[in-house]
Structures are given as C-alpha cells and as structure tokens.
Amino acid sequence: MYEARLRETLPRVREAMAEAATRAGRSPDGVRLVAVTKAHPLEAVRAALGAGLIDLGENRVEELEWKRAEVDDPRARWHMVGHVQSRKAPRAAQLADLIHSVDTVKLARRLDAAAEALGRDLAVLVQVNTSGEEAKSGLSAEEAVEAVHEVLALPRLEVRGLMTMAPLGAGEAVLRSTFGGLRETLERLRALDGRVGHELSMGMTEDFGIAIEEGSTMVRVGTALFGRRPQ
Ligand SMILES: *Cc1c(COP(=O)(O)O)cnc(C)c1O
C-alpha cells in the first residue's frame, strides 16, 4: 500500500518543492526532503527507502529505536524531529544522525555527555520559536543567540543550523514571518560564529512551499507523502 501511495505522492511533493525553489530563484538541489514516518508502520519506512528517500524523520525516541533496529539499512539517515526529554538523551544520541529539536541548553549538555560516552560527534539543530506562540517549544530568537554560543562550546556537538515549527493553520503572513525570522536569526548567528552550519529545517505538509521560498534547506514532510497518520 505505501509503495503504491509513494509512487503517486512523491513526484507531486518533489515537483511542488522544485517549483517553490524556482519561484525563489533557488536551486531545487538545495532542499532536502526528510520523510516523516512517525506513527506509520515499518512498511512505510521500507517503501520510503525503496523510493530513494533515505532521510527519515521520527518524533519519539522509542519509535526511532525499534524502527531503526528493524530496518537496519546503512543508507538510512535518521532524523529526530520531536522533543527529546533529557533522560532520553543517551538513546537519542546513539540513534539519531541529526537531532532537529535541541530546545534547551540543558538538553544540549546531556546530548554532549552522551555523545562523549559513545565516542562520537553528534549533529544537531537548535529549535527556535520564531512564531512567538507560547505553547511551542524552542528558544526565542533572543535566547537562541546565547544558547547557540553555549552549545558551540560543547565539544561533541556540531551545530548544523536551526529548526522551527509554524503554528498550526497559520496564514501566509505568519508563515513568512516565522520562516523568514528563522533565516534572519541564522544569518545573525553565522555572522557571530562561523562554526554554525547553514541548515534551516522548516516546512511541513501544509507549509513547505512557503518555507522553501523563505530559505528552507530541509523540509519535514509526513502526511503529503504517506497520508494521514493511523491513530
Ligand atoms: C509530524 C511532524 C512533521 C510532519 O508533519 P506533516 O504535517 O505530516 O507533514 C514535521 N515536523 C515535526 C516536528 C513533526 O512532529
């Protein structure tokens, strides 16, 4: 079922991504598609890999753990896109190739210690709440400057860039200010410290076109690829 679905949905998603990049005068090659398989069965993960989608996103450490073990495909790059509780930092550090959701310095410290214990370096994005929504996790743009400075001092973490989530159902103006705000925050951070990477993880099913127009380098797409998540 997932294989057949992806044959339909993947070309459409890729085309919409390419069109958004072109509208913004960007190369479509500059935007990576992370297939968010959370809550879908293993069949979805296997179908994604079969279709060449090697960047896979999960939002729970437990689910990442069992899917990664079951699939056991060396091509796969696993993205942790959801909130990570500090006590789960050791497992997240072991399982994820990129953690998008570092939303406190405390979590960053835990991940760094875990990575040190594993003898590996760990790529992370710092999650910033540029929409101003109270309920969303992530640092404010002002806090992010100081936080990124502290995260850069952690020897095992590599700050590849920033991540944000737009409010659900937001209109175009809010989306543009959320995504454009993240891009501006990253530009400021990179001007302060050249070790900060250029990645902007922003854009989901409902808003990836605008996110790409605003500079996204990584969109995290679930529903548009795999359909509604099973309950
Ligand atoms: C679920 C999720 C996505 C994918 O959402 P869709 O709307 O299904 O594309 C992207 N990012 C995060 C952090 C998520 O939790």
Side-chain angles (χ1 to χ4, degrees), residues 1-2 5-6 8-17 20 31-45 47-48 51 53-65 67-68 76-85 88 92 95-104 107 111 123-131 133 135-139 144 160-172 174-175 178-179 181-182 199-231:
M1 174 187 116
Y2 281 100
R5 183 169 290 168
L6 277 181
E8 262 183 49
T9 58
L10 181 55
R12 287 208 296 257
V13 169
R14 289 241 191 256
E15 194 184 323
M17 288 174 64
V31 192
R32 217 191 307 179
L33 174 55
V34 178
V36 178
T37 47
K38 71 176 185 202
H40 288 284
L42 272 181
E43 192 201 341
V45 177
L53 288 166
I54 57 169
D55 287 288
L56 302 167
E58 289 289 337
N59 74 332
R60 292 176 49 241
V61 175
E62 295 78 7
E63 195 170 338
L64 171 60
E65 185 163 35
K67 281 182 174 168
R68 192 180 169 140
R77 282 193 296 243
W78 296 91
H79 297 249
M80 181 63 205
V81 302
H83 176 68
V84 178
Q85 290 169 271
K88 293 182 184 163
L95 296 162
D97 296 297
L98 177 65
I99 297 182
H100 290 229
S101 41
V102 172
D103 51 5
T104 61
L107 173 61
L111 290 169
V124 300
L125 306 176
V126 172
Q127 183 173 355
V128 182
N129 175 357
T130 46
S131 72
E133 247 194 333
K136 283 269 186 301
S137 62
L139 302 144
R160 294 276 169 86
L162 303 178
M163 180 272 226
T164 198
M165 280 172 83
L168 213 67
E172 181 173 340
V174 171
L175 293 175
T178 300
F179 298 143
L182 194 72
E199 300 285 359
L200 284 168
S201 168
M202 53 190 201
M204 308 175 21
T205 290
E206 292 297 327
D207 53 29
F208 69 80
I210 288 176
I212 290 170
E213 288 177 23
E214 295 295 334
S216 172
T217 64
M218 240 185 255
V219 292
R220 311 176 306 268
V221 179
T223 309
L225 292 171
F226 302 109
R228 280 222 188 112
R229 283 178 278 280
Q231 290 307 303

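Remember, predicted model here, so these are calculated numbers, not experimental data. In listed order, ligands and their atoms are each counted from 1.
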Quiz prompt | Stepwise side chain to side chain contact (heavy atoms under 4.5 Å, CB included) test for Q127 and H100 | solution = CA-CA 7 Å; Q127 183 173 355; H100 290 229; over 6 Å; no

So if I count the atoms of ligand 1 from 1 in the order they appear, which ones are less than 4.0 Å from some heavy atom of [X]?
X	answer
T223	6 (P), 7 (O), 8 (O), 9 (O)
G222	4 (C), 6 (P), 8 (O), 9 (O)
V221	9 (O)

Quiz item: Does the R5 side chain pair with the main chain of F226, one donor and one acceptor, at a distance under 3.5 Å?
Solution: yes

Considering only non-hydrogen protein atoms, determine which one is nearest to [atom] and report residue, atom name and distance to 0.1 Å.
atom	result
atom 9 (O) of ligand 1	T205 OG1, 2.5 Å
atom 13 (C) of ligand 1	V81 O, 3.4 Å
atom 1 (C) of ligand 1	K38 NZ, 1.5 Å
atom 5 (O) of ligand 1	M204 CE, 3.4 Å

Exercise. Examine N59 against ligand 1 and note whether any of their N/O atoms are separated by less than 3.5 Å.
Key: no

Quiz item: Do G82 and ligand 1 have an N or O pair less than 3.5 Å apart?
Solution: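 G82 vs ligand 1: no N/O contact under 3.5 Å.
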
Quiz item: Can you tell me how far the CG atom of L95 sits from the CZ atom of R68, to the nearest 0.5 Å?
Solution: 6.5 Å

Quiz prompt | Minimum non-hydrogen distance to atom 10 (C) of ligand 1, winning option of E58, H100, R220, Q127 | solution =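 The residue whose heavy atom sits nearest atom 10 (C) of ligand 1 is R220.
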
Residue that, paired with [X], satisfies side chain to side chain contact (heavy atoms under 4.5 Å, CB included) out of [options]:
X	options	value
T178	D207, I210, N129, T130	T130
H83	D103, T104, L107	D103
T205	V36, V221, V13, L225	V221

Self-check item: Close side-chain approach of M218 to H79, heavy-atom, < 4.5 Å
Solution: yes

Practice problem: Assess E206 for proximity to ligand 1: is some non-hydrogen atom of it under 4.0 Å away? | Solution: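 E206: no contact with ligand 1 (<4.0 Å).
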
Practice problem: Establish, from distance only, whether the side-chain atoms of E199 and T217 form a donor-acceptor pair under 3.5 Å. | Solution: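 Distance-only check passes for E199 and T217.
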
